[in-house]
Amino acid sequence: MSILVTGGAGYIGSHMVLSLLEHDHDVVVLDSLVNSSLEALRRVESITGKSLRFIEGDIRDRELLDRLFAEHNISDVLHFAGLKAVGKSVEQPLHYFDNNVSGTLALCQAMEAAGVRRLVFSSSATVYGEVGTMPIHEGLPTGTPTNPYGRSKLMVEEVLKDLVKSDSRWSIALLRYFNPVGAHESGLIGEDPNDIPNNLVPFISQVAIGRREVLSVYGNDYPTPDGTGVRDYIHVSDLVDGHLCAMQAIARQPGIGIWNLGTGQGYSVLNMIQAFEEASGRDVPYNIALRRDGDIPECWADPSKAERELGWKAKRNLDAMMHDTWRWQVNNPEGYRS
Ligand code: NAD
Ligand code: UD1
């Protein structure tokens with residue numbers, strides 16, 4: 001049996017594929033390469049000494065999906081494929097809903113037709129919207145995400161919940177990621193933003209290496225200890241371990257499982273700058289800018305449900321996240337184009 005990883009050439013997907021190969025799974029990757037490079041998967045093969053099957057294509061291509069399920073004996077689908085740039089989702093909502101929502105519908109229809117009913121979906125803490133008290137646990141109702149990207153995640157969650165209600169043979173994990181950062185310890189694969197990074201850690205890292213001059217800190221007047229935004233940053237390798245545990249859990253028990261994947265620890269933007277400076281030995285110049293539209297003051301997880309039900313807990317600390325990001329950045333100053 002094989003595991004299908006949609007979006008497996010991307011940042012998180014490539015780390016997932018690496019781990020699956022290390023655990024002796026057969027892996028089929030479907031990726032359109034719209035936001036990734038095949039080089040990531042070449043490196044995954046070279047790190048693990050194992051090969052995978054790669055299919056270049058789009059999750060919205062139903063014929064391709066039907067062929068894929070007919071030709072490969074798939075037991076589980078790990079669904080990472082999606083567009084994730086918040087700003088672009090505001091400019092191109094139709095494109096984002098089509099890709100993220102219609103794409104998932106096509107995937108589920110093809111799975112249903114092929115009798116494959118185990119799915120792990122990459123959701124996001126953004127589905128909680130703005131929550132008054134921290135930490136955030138899964139019992140809280142979902143809120144109002146502030147942008148089309150976030151709403152696309154919430155819509156998919158609703159679709160998948162209805163699917164499980166309609167047919168109890170489905171087993172689905174909704175994994176709500178907090179802020180994934182870091183890179184594989186080899187320094188050979190990592191996050192490789194196409195454009196100017198939107199997210200904090202890739203931006204800090206590009207400032208430290210000299211690709212960008214200065215970091216803008218979006219607001220220092222939040223009601224947080226130092227006034228800057230607080231988030232729950234989680235090492236991508238811990239996140240991947242969470243998927244392995246979720247796969248086992250949904251194989252044991254059909255239905256829907258919702259789990260936060262975070263560390264439970266919040267760090268401010270200034271904490272992150274300092275930790276990165278210590279790990280890299282470089283200065284990260286910054287200035288204080290206005291708040292970014294749609295940002296919330298703070299967000300961190302209560303990860304105890306995942307620990308209780310999946311036996312999973314994040315192990316890597318902030319120092320490891322920063323050292324691993326820096327190793328990837330230094331080895332690959334221009335990402336996979338280096
Ligand atoms: P990424 O952009 O690096 O990876 C996504 C991959 O999906 C890319 O390789 C891209 O080429 C592919 N893809 C996109 N649309 C496709 C389509 N229609 N058909 C086939 N392939 C397609 O992003 P990532 O950071 O690895 O994120 C993976 C998933 O996790 C996404 O669904 C994202 O929304 C979700 N997520 C990410 C974060 C984060 O901070 N990185 C946080 C929460 C949730
Ligand atoms: C953002 C998205 C969220 C998405 C997540 C993962 C927004 C509003 N939210 O979350 O939907 O799921 O990425 O892709 O875009 N910061 C700076 N300067 C920067 C970049 C960020 O000060 O150049 C600050 C932000 O204000 C925030 C923190 O750093 O306080 C983290 O930002 P970021 O990495 O973009 O993640 P989120 O905002 O949590």
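In this text, all values refer to a predicted model and were calculated from it rather than measured experimentally. Just so you know, ligand 1 is whichever comes first in the structure, and atom 1 is the first atom listed for that ligand. Keep in mind that the numbers below use all heavy atoms, side chains included, and drop hydrogens, waters and symmetry copies.
- Ligand 2 is surrounded by Val86, Ser124, Thr126, Tyr149, Asn179, Asn198, Asn199, Leu200, Leu215, Ser216, Val217, Tyr218, Gly229, Arg231, Tyr233, Val269, Arg292, Gly294, Asp295, each with at least one heavy atom closer than 4.0 Å.
- Sorted by first and then second residue, the salt bridge (Lys or Arg N to Asp or Glu O under 4.0 Å) pairs with a member in residues 20-32 read Asp24-Lys50; sequence neighbours excluded.
- Taking the side chain as every heavy atom from C-beta outward, Asn332 and Glu39 never approach each other to under 4.5 Å.
- When hydrophobic clusters are built by joining Ile, Leu, Val, Met, Phe, Trp and Tyr residues whose side-chain heavy atoms come closer than 4.5 Å, directly or via intermediates, Leu30 is not grouped with Ile3.
- Under a cut-off of 6.0 angstrom, the local environment of CG in Asp293 is sparse, with at most 12 non-hydrogen atoms contributed by other residues, nucleotides or ligands.
- Of the possible donor and acceptor atoms, none in the side chain of Asn100 sits under 3.5 Å from a partner among the backbone N and O of Gly82.
- His243 pairs with exactly one of Trp312, Phe121, Tyr177 by the ring pair (Phe, Tyr, Trp, His ring centres under 6.0 Å) rule, that one being Tyr177.
- A donor-acceptor pair is defined here as one N or O able to donate and one able to accept, closer than 3.5 Å; no such pair exists between the side chain of His23 and the backbone of His25.
- Within the 4.5 Å cutoff, no side-chain heavy atoms of Lys84 are placed close to those of Ser124.
- A salt bridge (Lys or Arg N to Asp or Glu O under 4.0 Å) check over residues 296-307, counting only residues at least two apart or in different chains, returns the pairs Lys305-Glu309.
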Go ahead and list the nitrogen or oxygen contacts between ligand 1 and the protein that come in under 3.5 Å, distances to 0.1 Å, or just say none.
{"unit_1": "ligand 1", "atom_1": "2 (O)", "unit_2": "Asn35", "atom_2": "ND2", "d": "2.7"}
{"unit_1": "ligand 1", "atom_1": "3 (O)", "unit_2": "Tyr11", "atom_2": "N", "d": "2.8"}
{"unit_1": "ligand 1", "atom_1": "9 (O)", "unit_2": "Gly10", "atom_2": "N", "d": "3.2"}
{"unit_1": "ligand 1", "atom_1": "9 (O)", "unit_2": "Asp31", "atom_2": "OD1", "d": "3.2"}
{"unit_1": "ligand 1", "atom_1": "9 (O)", "unit_2": "Asp31", "atom_2": "OD2", "d": "2.6"}
{"unit_1": "ligand 1", "atom_1": "9 (O)", "unit_2": "Ser36", "atom_2": "OG", "d": "2.7"}
{"unit_1": "ligand 1", "atom_1": "11 (O)", "unit_2": "Asp31", "atom_2": "OD1", "d": "2.7"}
{"unit_1": "ligand 1", "atom_1": "11 (O)", "unit_2": "Val34", "atom_2": "N", "d": "3.1"}
{"unit_1": "ligand 1", "atom_1": "11 (O)", "unit_2": "Asn35", "atom_2": "N", "d": "3.0"}
{"unit_1": "ligand 1", "atom_1": "11 (O)", "unit_2": "Ser36", "atom_2": "OG", "d": "3.2"}
{"unit_1": "ligand 1", "atom_1": "15 (N)", "unit_2": "Asn99", "atom_2": "ND2", "d": "3.0"}
{"unit_1": "ligand 1", "atom_1": "18 (N)", "unit_2": "Asp58", "atom_2": "OD1", "d": "3.0"}
{"unit_1": "ligand 1", "atom_1": "18 (N)", "unit_2": "Asp58", "atom_2": "OD2", "d": "3.4"}
{"unit_1": "ligand 1", "atom_1": "18 (N)", "unit_2": "Asn99", "atom_2": "OD1", "d": "3.0"}
{"unit_1": "ligand 1", "atom_1": "19 (N)", "unit_2": "Ile59", "atom_2": "N", "d": "3.0"}
{"unit_1": "ligand 1", "atom_1": "21 (N)", "unit_2": "Ser32", "atom_2": "N", "d": "3.1"}
{"unit_1": "ligand 1", "atom_1": "21 (N)", "unit_2": "Ser32", "atom_2": "OG", "d": "3.3"}
{"unit_1": "ligand 1", "atom_1": "25 (O)", "unit_2": "Lys84", "atom_2": "NZ", "d": "2.8"}
{"unit_1": "ligand 1", "atom_1": "26 (O)", "unit_2": "Tyr11", "atom_2": "N", "d": "3.3"}
{"unit_1": "ligand 1", "atom_1": "26 (O)", "unit_2": "Ile12", "atom_2": "N", "d": "2.8"}
{"unit_1": "ligand 1", "atom_1": "32 (O)", "unit_2": "Phe80", "atom_2": "O", "d": "2.9"}
{"unit_1": "ligand 1", "atom_1": "32 (O)", "unit_2": "Lys153", "atom_2": "NZ", "d": "2.9"}
{"unit_1": "ligand 1", "atom_1": "34 (O)", "unit_2": "Tyr149", "atom_2": "OH", "d": "2.8"}
{"unit_1": "ligand 1", "atom_1": "34 (O)", "unit_2": "Lys153", "atom_2": "NZ", "d": "3.1"}

